[in-house]
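Notes for the one structure printed next.
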Amino acid sequence: MTFAIKPFAACLGAEIIGIDLAEPLPADDFARVHRAHLDHLIIVFRNQSLTPEQQIAFSRRFGPLDRHPSDQASLDGHPEILVVSTRKENGKYIGLPDAGPKWHSDLSYVKTPALGSMLYALEVPDHGGNTGFANMYDAYETLPGDLRAALDGRRAIFLPGRAQKGGADFKIGFSAEQKERVPPVAHPVFRTHPETRRKSVFANPQHTIGIEGMAESESEPLLQRLFEHCAQPRFTYRHKWRPGDMVFWDNRCALHIADLSRIGDPAYRRHMHRTTIMGDVPF
Ligand code: OGA
Ligand code: MN
């Protein structure tokens with residue numbers, strides 16, 4: 001297949017033009033797509049028309065799939081698909097309407113955080129609901145020296161929701177049993193990408209609650225400085241969704257954030273399917 005890889009003007013992201021993800025991808029094309037994902041952190045495929053099975057099949061090319069702890073938000077019959085949606089049935093959200101209120105990396109609060117996530121847009125609002133992405137290699141490489149020194153070699157503690165330090169932020173909520181499945185874990189503040197071998201910032205303001213072996217009075221100002229550094233516009237790309245977009249990001253070296261400013265507005269309708277590729281233990 002002939003297809004083009006067009007990098008965005010931002011410091012991350014590229015569009016892949018000329019691939020129909022509903023068709024099986026030959027091995028050499030897959031290798032180019034895989035390379036583009038490593039090089040650009042986020043790849044965007046537009047104008048796709050995918051069944052859940054086709055999305056799952058493409059996602060599996062990158063590794064086994066993981067499941068979100070909120071299993072009540074998964075697609076009926078397809079537990080590998082997390083529904084990210086403002087739709088309600090019988091007055092209840094059918095999926096997560098508010099995934100990602102702060103900069104984060106998916107499943108960074110489990111032992112083996114996600115390699116990547118693929119979010120496929122079925123319905124998008126005319127405005128609002130963009131998703132921001134940030135390049136954590138660049139954030140790492142530009143860290144002020146004293147901040148890097150203070151956090152180098154340290155491990156951070158991760159939980160599903162930072163806000164409640166033990167609870168989750170999501171509207172759909174985590175049950176006590178689901179929380180038990182995700183006890184606090186520690187990962188390096190700065191991790192090495194297992195494929196590119198580059199270092200990046202991994203701690204994030206949605207899931208990181210502290211630093212191992214450090215009092216909160218010491219860790220909190222350091223984390224706040226780190227989070228501010230990482231969120232600078234120069235490290236980011238903002239995706240404006242169209243129906244049929246499939247965006248695949250690398251959770252090992254990029255953060256992302258949802259724009260939830262229109263949540264609660266009845267005219268705001270957004271419906272997406274996410275698959276999540278399992279990653280390995282960060283080092
Ligand atoms: C996610 C997520 C952001 C968005 O699905 O993991 O963070 O804009 N989504 O919906
Ligand atoms: Mn997310």
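Whatever order the structure lists them in is the order used to number ligands and atoms, beginning at 1. Not measured: the values here are computed from a predicted model.
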Query - Distance-minimising heavy-atom pair for Q48 and M246 - result: CG-CB, 4.3 Å
Report task. Examine D259 against ligand 1 and note whether any of their N/O atoms are separated by less than 3.5 Å. Result -> no
Requested in this report: Answer yes or no: is there a donor N or O on one side and an acceptor on the other, between the side chain of D265 and the main chain of A267, under 3.5 Å?
Outcome: yes
Query raised in the report: Is the side chain of Q55 donor-acceptor paired with the backbone N or O of H273 at a distance under 3.5 Å, no angle test?
Result: yes
Report task. Measuring from the Mn ion (ligand 2), name the closest N, O or S atom belonging to D106. Result -> OD1
**Report entry** Interfacing atoms of ligand 1 (cut-off 4.0 Å, heavy-atom, V84)
**Finding:** 5 (O), 10 (O)
Query raised in the report: Salt bridge check: are D126 and R262 linked by an N-O gap of less than 4.0 Å?
Result: yes
Query raised in the report: Using a heavy-atom cut-off of under 4.0 Å, does the side chain or the backbone of F133 touch ligand 1, or both, or neither?
Result: neither
Report summary line: atom 6 (O) of ligand 1 has as its nearest protein heavy atom R274 NH1, 2.6 Å
**Report entry** Protein residue, atom and distance nearest to atom 8 (O) of ligand 1, heavy-atom basis
**Finding:** T131 OG1, 2.6 Å
Report summary line: Quick note on ligand 1: atoms under 4.0 Å from a heavy atom of D106 include exactly 6 (O)
Requested in this report: Pull out every atom of ligand 1 sitting under 4.0 Å from any heavy atom of H256, numbered as shown with elements.
Outcome: 1 (C), 2 (C), 6 (O), 7 (O)
**Report entry** Expected output: side-chain H193 to main-chain E195 donor-acceptor under 3.5 Å
**Finding:** yes
Report task. Within a distance under 4.0 Å of any heavy atom of H104, pick out the atoms of ligand 1 and give their elements. Result -> 7 (O)
**Report entry** Pairing of D106 and R274 as salt bridge, 4.0 angstrom limit
**Finding:** yes
Query raised in the report: Counting heavy atoms only, which part of M272 comes closer than 4.0 Å to ligand 1: side chain, backbone, both or neither?
Result: neither
Report summary line: For A258, the atoms of ligand 1 under 4.0 Å from one of its heavy atoms are 3 (C), 4 (C), 8 (O)
Query raised in the report: Among S85, P97, G100, A99, which residue places a heavy atom closest to atom 9 (N) of ligand 1?
Result: A99
Query raised in the report: Which heavy-atom pair separates A10 from T236 by the least distance, and what is that distance?
Result: CB-O, 3.6 Å
Report task. Determine yes or no for a side-chain-to-main-chain donor-acceptor pair under 3.5 angstrom, with H207 supplying the side chain and L107 the backbone. Result -> no
**Report entry** side chain to side chain donor-acceptor pair (under 3.5 Å) between E220 and Q224, worked out
**Finding:** CA-CA 6 Å; E220 207 42 41; Q224 288 311 328; 2.9 Å; yes
Report summary line: In this structure, atom 10 (O) of ligand 1 is nearest to the protein heavy atom R270 NH1, 2.9 Å
Query raised in the report: What atoms in ligand 1 come closer than 4.0 Å to a heavy atom of W249?
Result: 6 (O)
